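Here is how names work: the chains are called A, B, and so on, in the same order as the sequence lines, proteins then strands, and each is numbered from 1. A quick note: this is a predicted structure, and the numbers were derived from the prediction, not measured.
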Amino acid sequence: GAVVSQHPSWVICKSGTSVKIECRSLDFQATTMFWYRQFPKQSLMLMATSNEGSKATYEQGVEKDKFLINHASLTLSTLTVTSAHPEDSSFYICSAPGQSYEQYFGPGTRLTVT
Amino acid sequence: KQEVTQIPAALSVPEGENLVLNCSFTDSAIYNLQWFRQDPGKGLTSLLLIQSSQREQTSGRLNASLDKSSGRSTLYIAASQPGDSATYLCAARISGNTPLVFGKGTRLSVIA
């Protein structure tokens, strides 16, 4: 089946710094990728849709200047959390639609901001 | 706007019991529906995908049904095992290239 990878799997950073998370589709191309966020004991909430060759579309309440998304190629999307704060600590997961539009998810990135 | 609800929020059963997890969605015009498993602190494992034209899918001890007209899906787990303990998430998609809308999940504990 299709595989989506994420890097890093976990990261700890200091408040005020920026963190970049990569999402790659390993054996298929994805013109669209989705970024979700999951707080402890809560479900996944869509943050934004990453579009190759165009700007990302953000869900209501998600700051586009804080969460920068770049869909650099048909296999790579990056999410940069700028000026991170402790409240940004969360589990970030990306996904990409494959054949039959089944969603394939990355393993997630756990971000802790101290 | 599509909303997905899962009941119950948590469930504890003895090993060997058959169980049903429920999922409902507000917009019956879905493209497909997926059931996932999530272990604590981990990512998602896709269990079953049901296209809108299908009524059920089976994989091993798992069976998922879909009733679009009533806006419901169920995940049936037969002969539950302690290893089945996890959070089960239901998610619906409105069209082919749109993101999934997730329910809040059912936290299952299977007691040996």
Do [X] and [Y] belong to the same hydrophobic cluster, where Ile, Leu, Val, Met, Phe, Trp and Tyr are linked whenever their side-chain heavy atoms lie under 4.5 Å apart, directly or via other members?
{"X": "B:Leu89", "Y": "B:Leu48", "value": "no"}
{"X": "A:Val62", "Y": "A:Val113", "value": "yes"}
{"X": "B:Trp35", "Y": "B:Phe25", "value": "yes"}

Yes or no on side chain to side chain contact (heavy atoms under 4.5 Å, CB included) for B:Leu100 and A:Tyr36, after CA distance, side-chain angles and deciding distance? CA-CA 10 Å; B:Leu100 289 167; A:Tyr36 296 83; 3.7 Å; yes
Is the count of non-hydrogen atoms from other residues, nucleotides or ligands lying under 6.0 Å from [X] atom [atom1] greater than 12?
{"X": "B:Gln54", "atom1": "CD", "answer": "yes"}
{"X": "A:His7", "atom1": "NE2", "answer": "no"}
{"X": "B:Arg61", "atom1": "CZ", "answer": "yes"}
{"X": "B:Lys104", "atom1": "NZ", "answer": "no"}

In terms of heavy-atom pairs under 4.5 Å, which option from A:Arg110, A:Gln6, A:Gln103 contacts chain B the most?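 Top option by heavy-atom pairs under 4.5 Å: A:Gln103.
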Identify which part of [X] has an atom lying under 4.5 Å from any heavy atom of chain B, answering side chain, backbone, both or neither.
{"X": "A:Leu44", "result": "both"}
{"X": "A:Gln38", "result": "side chain"}
{"X": "A:Pro107", "result": "backbone"}

Ignoring hydrogens, what is the shortest heavy-atom contact between B:Gln38 and A:Phe91? Give both atom names and the distance.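 Looking at all heavy atoms of both residues, the closest pair is NE2-CE2, 3.9 Å.
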If every non-hydrogen atom of B:Phe102 is compared with every non-hydrogen atom of A:Ser43, which pair is closest and at what distance?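 Here B:Phe102 and A:Ser43 meet closest at CB-OG, 3.4 Å.
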Interchain contact, B:Arg93 with chain A, by part (heavy-atom threshold 4.5 Å):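 For B:Arg93, the side chain is the part near chain A, not the backbone.
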Which region of B:Thr87, side chain (C-beta onward) or backbone (N, CA, C, O), has a non-hydrogen atom less than 4.5 Å from a non-hydrogen atom of chain A, or is it both or neither?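 Contact with chain A: none, neither part.
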